[in-house]
Every structure is written in structure tokens, then in C-alpha cells.
Amino acid sequence: MSTAAIVPLISQVSTAVSEAIRRVRPDLAEADPVVRPSEHADFQANAALALAKRVGSNPRELAAAFADALGDVRSGSIESVDVSGPGFLNIAVADRAVWQQVSARLADSRHGVGTPESGRRTVIDYSAPNIAKEMHVGHLRTTIIGDCLARVLGFLGADVVRQNHLGDWGTQFGMLIQYLDEHPDAAWHQDELTGTSSVSALAVLYKEAKRLFDADPAFADRSRARVVALQSGDPATIARWREIVAESEKAFRAIYDRLGVLLAPEDSVGESYYQPKLAETIAELEAAGIAVESDGALVVFSADVLGPEGDPVPLMVRKRDGGYGYDSTDLATIRYRIKELGGERLIYVTDARQALHFRMIFDAARRAGWLAGDVEAIHVAYGMVLGLDGRPFRSREGDTVRLVDLLDAAVERARDVVAGKDPDLDPAELDQIAEQAGIGAVKYADLSTSRGKDYVFDVDRMVSFAGNTGVYLQYAHTRMAAILRKAGSSSPAADVDGAISLRPEERALALRLDTYGTVVTDVGALLEPHRLCGYLYDLARDFTSFYETCHVLSADEPIRTNRLALCRLAARTMQHGLGLLGIAAPDRM
RNA sequence: GCCUCCAUAGCUCAGUGGAUAGAGCAGCUGCCUUCUAAGCAGUAGGUCGCAGGUUCGAAUCCUGCUGGAGGCGCCA
């Protein structure tokens with residue numbers, strides 16, 4: 001089982017061009033060869049244009065000199081080099097070299113993708129729903145993007161530690177626990193509910209508790225006493241709190257399973273976990289002189305962040321009343337992730353509104369000496385989910401939309417479409433395909449747009465199943481799978497015949513497949529899943545063009561075997577890529 | 001007031017300092033006796049918000065401006 005990356009042709013060409021540059025002008029040996037995929041050839045090298053000025057020569061002449069030198073460089077990959085336009089080098093690679101890449105990638109269990117993140121301990125914070133509350137549309141992006149990054153980085157060799165920072169602590173639990181104790185007949189355990197979830201039931205009970213709290217001073221007093229009991233570790237109160245947490249997690253589990261999210265129970269490390277660590281965290285900041293007293297509270301001032309009055313903005317380490325807020329918890333959290341989890345790269349997947357907050361947390365962690373050396377902390381910010389009216393996505397009644405309802409809507413629409421395409425489908429298969437297509441559509445829509453921007457949530461468009469949607473990719477995969485299925489075992493997985501010349505559509509597909517690892521590596525470095533979506537969409541289009549013009553099963557040998565190899569690699573790559581996005585790749589739809 | 005992000009086709013969005021800025025949707029014209037038409041081909045659609053600057057070359061980098069979103073002390 002090889003783990004060495006297969007060098008893509010574009011890299012091979014870059015190396016060759018660099019060598020040619022070195023031969024022509026040793027003083028420019030370090031220059032970027034600027035090799036790119038090209039519309040005019042397989043690749044183009046733009047280095048001459050950039051370098052001509054530096055060495056005081058004509059770009060075309062310099063390009064010609066590079067081209068000559070490139071002819072001398074021994075590289076089996078390059079077929080031809082032409083100088084074009086103001087000084088571009090148009091480079092074509094040999095058919096044999098292209099087939100060689102296909103063959104090598106097919107022989108590798110990782111499709112030739114390397115492990116650039118090898119061994120790097122990477123802590124990814126995502127999802128983070130609140131206990132006793134429903135997951136809503138606001139949890140969609142963090143959960144999907146975070147999970148995709150966990151998959152991508154894990155595949156690239158990173159030692160990924162997932163952290164589900166549950167909202168499992170706070171004074172609101174006092175009120176809820178008190179109410180539950182006084183209403184033992186209330187149903188809220190998952191196994192005594194049908195058609196609803198524990199968090200749904202708890203959210204309703206919480207509203208009632210809140211109403212009672214406001215209306216009944218005696219209940220309010222008992223609730224406050226319950227908060228004290230919870231914070232001081234009263235066993236009965238803690239037991240009830242744990243029960244609420246456990247029941248809520250069952251509901252989250254159901255959603256995660258449905259979404260195909262990796263988060264497991266052991267990844268749940270919520271706010272409560274850091275409560276015992278707050279005192280020492282704060283003591284450390286205070287001893288270092290980073291946390292200072294202000295208006296009776298303990299704060300960390302940020303040097304470069306000013307408020308409306310021009311005053312420095314603080315992190316609230318300890319409130320005037322002695323209590324702790326999220327600033328304290330987040331400081332304890334980053335300290336824990338670096339010092340105890342040994343995180344070398346900390347990733348926080350939360351919405352863009354928290355950008356300033358994390359800037360201040362990171363700054364404080366840096367000053368405290370926790371965030372030092374090669375350790376990096378990154379806020380992976382994403383935009384809001386908007387409705388068709390361009391305002392934050394809400395139901396017609398103006399409420400936040402439950403995640404379950406959103407997924408149900410997508411799957412239901414998917415079922416209508418699927419049933420319309422194939423009325424004879426058996427019900428169980430219909431359900432399965434609708435689920436895979438509907439969920440896939442939601443995830444793809446979320447992941448395929450660049451994450452920094454707000455995006456408009458439009459179920460109709462997602463589930464229209466036409467054009468650039470998750471279903472297009474799944475459909476392309478089913479076509480690949482269908483060919484492989486029909487080819488059956490009659491076609492041995494023989495080595496491809498490198499002597500066969502490539503048709504344009506075969507070439508485009510093969511070259512696309514050759515860059516898979518580059519794209520996945522970019523996603524891991526830049527933490528931008530939409531690049532992988534874009535790649536897979538291009539791959540699906542390239543395959544479709546190939547599918548339309550190069551019939552596989554009816555082709556004569558050895559062309560048939562070569563085309564099957566392309567199908568096989570395309571199918572594996574598509575399936576794997578969809579897997580990294582957390583989207584199912586069914587064989588039939 | 002300060003900070004961050006954003007502005008690309010009617011709509012939703014891609015776009016690594018490189019050649020003529022691309023997709024999808026919605027339009028229009030065609031294509032199912034061959035591996036799934038959830039598809040494909042063609043056509044039409046652009047002052048890349050505005051103005052400067054850097055560069056051989058700018059949607060891309062810099063500055064300013066306009067417009068939009070978000071954030072800025074005890075709620076996460």
C-alpha cells in the first residue's frame with residue numbers, strides 16, 4: 001500500500017520548465033515557472049513574460065530560449081513546446097505520460113494523493129448545538145463545513161481531534177431542572193416520545209419554565225436556588241442535568257446520523273468541561289499581568305481593538321458579579337487544546353460575526369504564551385444562511401427554522417422528483433435514493449459556495465436536480481458505476497495500453513483526474529471546501545463529455561480497456577471526493 | 001466613530017497577476033432503437049460597483065470613494 005504521492009503532470013512540467021530556466025539563466029534558477037492549465041495546450045508556462053524585464057530581454061526571445069532548453073531537458077512527459085503570443089510557452093504532454101498517470105493512480109489505494117498534513121495534531125471545533133434546544137438552521141454550516149474539513153484533513157494525514165463544544169452550561173438550566181422536578185409527569189425522554197425529539201420537548205418545557213419564572217416569584221426563587229445547587233455540584237441536581245444532556249445528545253445523534261456527520265459522543269467536550277479549569281486559567285492570566293481589574297470586573301484589554309468611544313475593548317474574564325461568561329470559557333478552551341490536547345493547528349468553525357471575538361481570544365492566548373511557536377489558531381468563518389428575501393433565513397412565522405424541518409423538506413422534494421423520474425421504483429429504494437439525494441443536495445449547496453459569503457438557501461434550486469447540484473455529481477457517479485457494472489468481470493483490470501492515442505475528451509478527463517490530490521491538498525491548506533466541490537463538478541462535466549463522445553463498452557480492444565480504466569479511476573475519484581464532502585455516492589439512482 | 005467581510009450575466013455563483021472573464025438557473029433552437037435524457041449540443045446575455053495607482057499584463061495587488069452586511073464590556 002503506497003502512501004507516496006504520485007507527482008501530477010503539471011508538477012512534472014513545472015519542474016522541467018524550472019530546469020530549462022536554470023540552464024538558460026542560472027541567475028533565475030529560483031524563479032517561479034508559472035505553469036498553469038491552458039486552453040491552448042495541456043499547460044502553459046508564463047515565466048518568460050515575467051522574467052524578460054528583469055534580464056532586459058525580449059519576452060518572445062526568452063521564451064524561445066526556454067523552449068529550446070526544454071527540448072534538451074530529459075523529461076518523458078513533455079511532447080511538444082511552442083512559443084505563442086507575447087511569450088507564452090504552450091506545452092503538450094505525451095499520451096503515454098497521461099496513461100501512465102491513470103495507471104499509477106489506479107494502482108494506488110489513495111489515488112496517488114499524498115499526506116502533507118501527516119502527523120499534525122489538528123483540533124477542529126464545530127457544530128456546538130445547545131443542550132435542551134433544537135438544532136436550527138444556524139447549526140447547518142458549522143456542522144457541514146467542519147465535518148468536511150475533518151474528513152479532508154484526516155485523509156491528508158492530520159491527527160484530527162474533533163471537538164463538539166456543546167452549550168451545556170448556564171443559569172438557564174437551573175430554571176429548567178427546577179421545572180422538571182416539579183412536573184415529573186412531563187414527557188421529555190427520547191424513548192417516551194413519538195414523532196418528536198427530546199430537545200423539542202425540552203424546548204417547550206423551557207418556555208413554560210420561563211413563563212412561570214416571570215409570573216411566579218416563589219418559583220423564580222426556587223430556580224435561583226437550583227442554579228446555586230447546580231454550580232456547587234449538588235448530586236441530585238447534577239444527575240438531572242446529566243440526564244438532560246444525555247437526552248439532548250440522543251436528538252443530536254439522530255441528526256448527525258442523518259447528515260452523515262462524524263461527530264461521536266467522545267467528541268462532546270462542552271462548556272461545562274471547562275468550568276473547573278476557569279480558576280487556574282484566570283489565575284495564570286492575572287499572574288502574567290494580562291488580565292486586569294476594570295469596573296469591578298477582570299478583563300483582558302486588546303491593544304488594537306477599540307470600541308465606539310475609542311476605548312480598548314476587553315475580553316470579560318470574570319464578571320463584576322464574579323460569574324464567568326463565554327470569554328472565560330473560550331480562554332480556558334484554547335489553553336486546554338494547546339497545552340493538554342497538544343493541538344498544533346486549532347480550527348474554529350463558527351459564523352463570521354465572531355471574527356472579532358476570536359481575534360481577541362487568539363491575541364490573549366498569544367500574550368499568555370499558549371499560542372506560540374508553530375501552533376496556529378484559525379477562525380474558519382462562514383456567512384449567514386439567508387432566505388429568498390435576502391434576510392436571515394426564517395420560517396414564514398418568523399421563527400428560526402429547525403434543522404430537521406429543513407432536511408425533511410429537502411428529502412420530501414427529492415422524493416417527488418425521484419418518483420417522477422422512475423414511477424416503478426420500489427418504495428424502500430425510493431426512500432433511500434430520496435434521502436441520499438436530498439441530504440446530498442443540502443450539503444453540496446452549503447459547501448459549494450465560498451464559505452465567507454452569506455448564501456441564499458433555496459430548496460427549490462437545490463433539489464431541482466439540474467445543473468450544478470449535488471445530484472449532478474451523484475448522477476455522474478451512477479453513470480460511471482453503470483458502465484463498470486455492465487463491463488463486469490469479463491474485463492480484467494489490466495494495465496492500460498500507453499500506446500493508445502487519446503481523444504480530446506479522454507485527455508481532458510485524465511488530466512482532471514491527475515489534479516485530484518492538488519485540489520484536496522489546497523482544501524486542507526486553505527480550509528475551503530468549495531474548491532473540492534468545484535473540482536468534482538468539473539470532473540463530472542469532463543466525464544459527461546467523455547461519456548457522450550467515447551462509448552466504452554462497444555469500443556474495440558485495447559481502447560475498451562483503456563476507457564474502462566478511465567471510468568474506474570473517475571468513479572473512484574468521484575466516490576472518494578464525495579466522501580470527503582460527506583455526500584453519498586450511490587451506484588444507482 | 002473604528003474594524004472585518006462583501007459588490008462579476010436578469011437570478012444564484014465560480015474565477016491561482018496571464019491570451020477572448022466562465023458555470024448553473026431562467027430564455028430561445030435542437031438531440032433519447034447504442035453504457036441512465038437527473039443528460040448533451042447550440043444560441044443569447046458583461047462599463048467585473050466607481051475613480052485612480054502598481055505592472056509587459058489587473059476581476060485578481062494598493063489607495064480613495066459609493067453601496068450592502070456584520071461586529072465593537074459583563075448574552076454564545
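Naming: A, B, ... by sequence-line order, numbering from 1 per chain.
- If you take CD of A:E548 and P of B:G39, they are 11 Å apart, rounded to a whole angstrom.
- Contact annotation: side chain of A:N90 to base of B:A19, donor-acceptor pair present below 3.5 Å.
- Residue contacts for A:V471: at a heavy-atom cut-off of 4.0 Å it reaches a base atom on one of the strands shown.
- An OP1 or OP2 oxygen of B:A7 is reached within less than 4.0 angstrom by a side-chain nitrogen or oxygen of A:K453.
- The aromatic rings of A:Y273 and A:Y336 sit perpendicular, their planes meeting at an angle over 60°, well past the 30° parallel limit.
- Counted by atom type alone, A:H379 and A:T350 present one or more donor-acceptor pairs between their side chains at under 3.5 Å.
- Dashed line: the shortest gap from a side-chain N or O of A:Y537 to OP1 or OP2 of B:G22 is not under 4.0 Å.
- Nucleotides B:A69 and B:G73 are separated by 24 Å at their C1' atoms, to the nearest Å.
- On the C1' atoms, B:G17 is 31 Å away from B:C25, given to the nearest whole Å.
- Nearest to the side-chain atoms of A:A466 among the listed nucleotides B:C74, B:C35, B:G39 stands B:G39.
- As rounded to the nearest Å, B:G53 and B:G57 have P atoms that lie 12 Å from one another.
- Here the separation of B:C65 from B:G10, taken at their P atoms, is 29 Å to the nearest Å.
- Map A:E528 and A:N130 each onto its nearest nucleotide of RNA chain B; the residue landing nearer the 5' end is A:E528.
- Note on A:T449: a side-chain N or O is less than 4.0 Å away from OP1 or OP2 of B:A14.
- Considering only side-chain N and O atoms, A:S464 lies nowhere under 4.0 angstrom from the phosphate OP1 or OP2 of B:A38.
- Nucleic acid contact class of A:T478 (heavy atoms, under 4.0 Å, all strands): base.
- Atoms CG (A:L447) and P (B:C13) sit 15 Å apart, rounded to a whole Å.
- Between A:R541 atom CZ and B:G22 atom C1' the separation is 9 Å, expressed in whole Å.
- Because its glycosidic torsion is more than 90° from 0, B:C72 is reported here as anti.
- For the OP1/OP2 pair of B:U36 and a distance below 4.0 Å, the side-chain nitrogens and oxygens of A:K486 include at least one atom meeting the criterion.
- OP1 or OP2 of B:A37 has at least one side-chain nitrogen or oxygen of A:Y547 nearer than 4.0 Å.
- When distances are taken from the side chain of A:H530 to each of B:G15, B:A19, B:G73, the shortest belongs to B:G15.
- A:P59 comes within 4.0 angstrom of nothing in the nucleic acid, heavy atoms only.
- Contact annotation: the side chain of A:L527 never approaches that of A:V523 to less than 4.5 Å [non-hydrogen atoms, C-beta and beyond].
- Nucleic acid contact for A:A297: base, since at least one base atom lies under 4.0 Å from a heavy atom of the residue.
- Just one of A:I145, A:V349, A:I347, A:V380 meets the side-chain contact (heavy atoms from CB on, under 4.5 Å) condition when paired with A:Y126; it is A:V349.
- The distance between atom CZ of A:F543 and atom P of B:U36, rounded to the nearest whole Å, is 10 Å.
- A side-chain contact (heavy atoms from CB on, under 4.5 Å) with A:L315 is found for exactly one of A:L331, A:V299, A:V305, namely A:L331.
- Between A:G452 and A:S38, the residue anchored nearer the 5' end of RNA chain B, judged by the nucleotide with its closest heavy atom, is A:G452.
- Note on A:Y475: a side-chain N or O is less than 4.0 Å away from OP1 or OP2 of B:A38.
- Nucleotides B:G46 and B:A14 place their C1' atoms 15 Å apart, quoted to the nearest Å.
- Here B:C56 is the nucleotide among B:C56, B:A69, B:C35 with the atom lying nearest to any side-chain atom of A:L49.
- The side chain of A:N46 approaches B:G18 more closely than any other nucleotide in the set B:A38, B:G70, B:G18.
- The CG atom of A:D32 sits 11 Å away from the C1' atom of B:G17 (whole-angstrom rounding).
- Rounded to whole Å, atom P of B:C13 lies 12 Å from atom CG of A:D446.
- The distance between atom CD of A:Q44 and atom C1' of B:U16, rounded to the nearest whole Å, is 12 Å.
- For the 3.5 Å distance criterion, the side chains of A:H40 and A:D82 fail to qualify, holding no donor opposite an acceptor.
- Of the candidates A:L89, A:V13, A:V81, A:V13 is the only one forming a side-chain contact (heavy atoms from CB on, under 4.5 Å) with A:F43.
- Residue A:D295 is in base contact, counting any heavy-atom pair closer than 4.0 Å across all strands shown.
- Remark: the separation of the C1' atoms in B:U12 and B:C50 is 24 Å, to the nearest Å.
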Check nucleotides 1-4 of chain B against the protein and report each pair of N or O atoms closer than 3.5 Å, with its distance, or say if there are none.
unit_1: B:G1; atom_1: N2; unit_2: A:G307; atom_2: O; d: 3.1
unit_1: B:G1; atom_1: N2; unit_2: A:P308; atom_2: N; d: 3.1
unit_1: B:C3; atom_1: O2'; unit_2: A:R359; atom_2: NH1; d: 3.3

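- Within the 4.5 Å cutoff, no side-chain heavy atoms of A:H530 are placed close to those of A:L447.
- Checked by atom type, the side-chain pair A:S57/A:E61 shows no donor-acceptor distance below 3.5 Å.
- The number of heavy-atom neighbours closer than 6.0 Å to NZ of A:K277, taken from other residues, nucleotides and ligands shown, is above 12.
- Once the 5.5 Å centre distance and the 30° plane angle are applied, the aromatic ring of A:H551 is found not to be stacked with the base of B:U34.
- The P atoms of B:A51 and B:A37 are separated by 49 Å, rounded to the nearest whole Å.
- When distances run from any side-chain atom of A:P37 to the nucleotides B:A38, B:C13, B:U16, the shortest one goes to B:U16.
- Among the nucleotides B:A19, B:G39, B:A76, the one closest to the side chain of A:Q354 is B:A76.
- Here B:A37 is the nucleotide among B:A19, B:A41, B:A37 with the atom lying nearest to any side-chain atom of A:R479.
- Side-chain to base pairing of A:T469 with B:A38: no donor and acceptor N or O lie closer than 3.5 Å to each other.
- In the set B:U12, B:C13, B:G18, the nucleotide with an atom closest to the side chain of A:V34 is B:G18.
- Going from the C1' atom of B:C3 to that of B:G22 covers 34 Å, rounded to whole Å.
- Between A:R391 atom CZ and B:A69 atom P the separation is 11 Å, expressed in whole Å.
- Taking the ring centre of A:Y547 as origin, the terminal cationic atom of A:R479 falls inside the region bounded by 6.0 Å and 45° from the ring axis.
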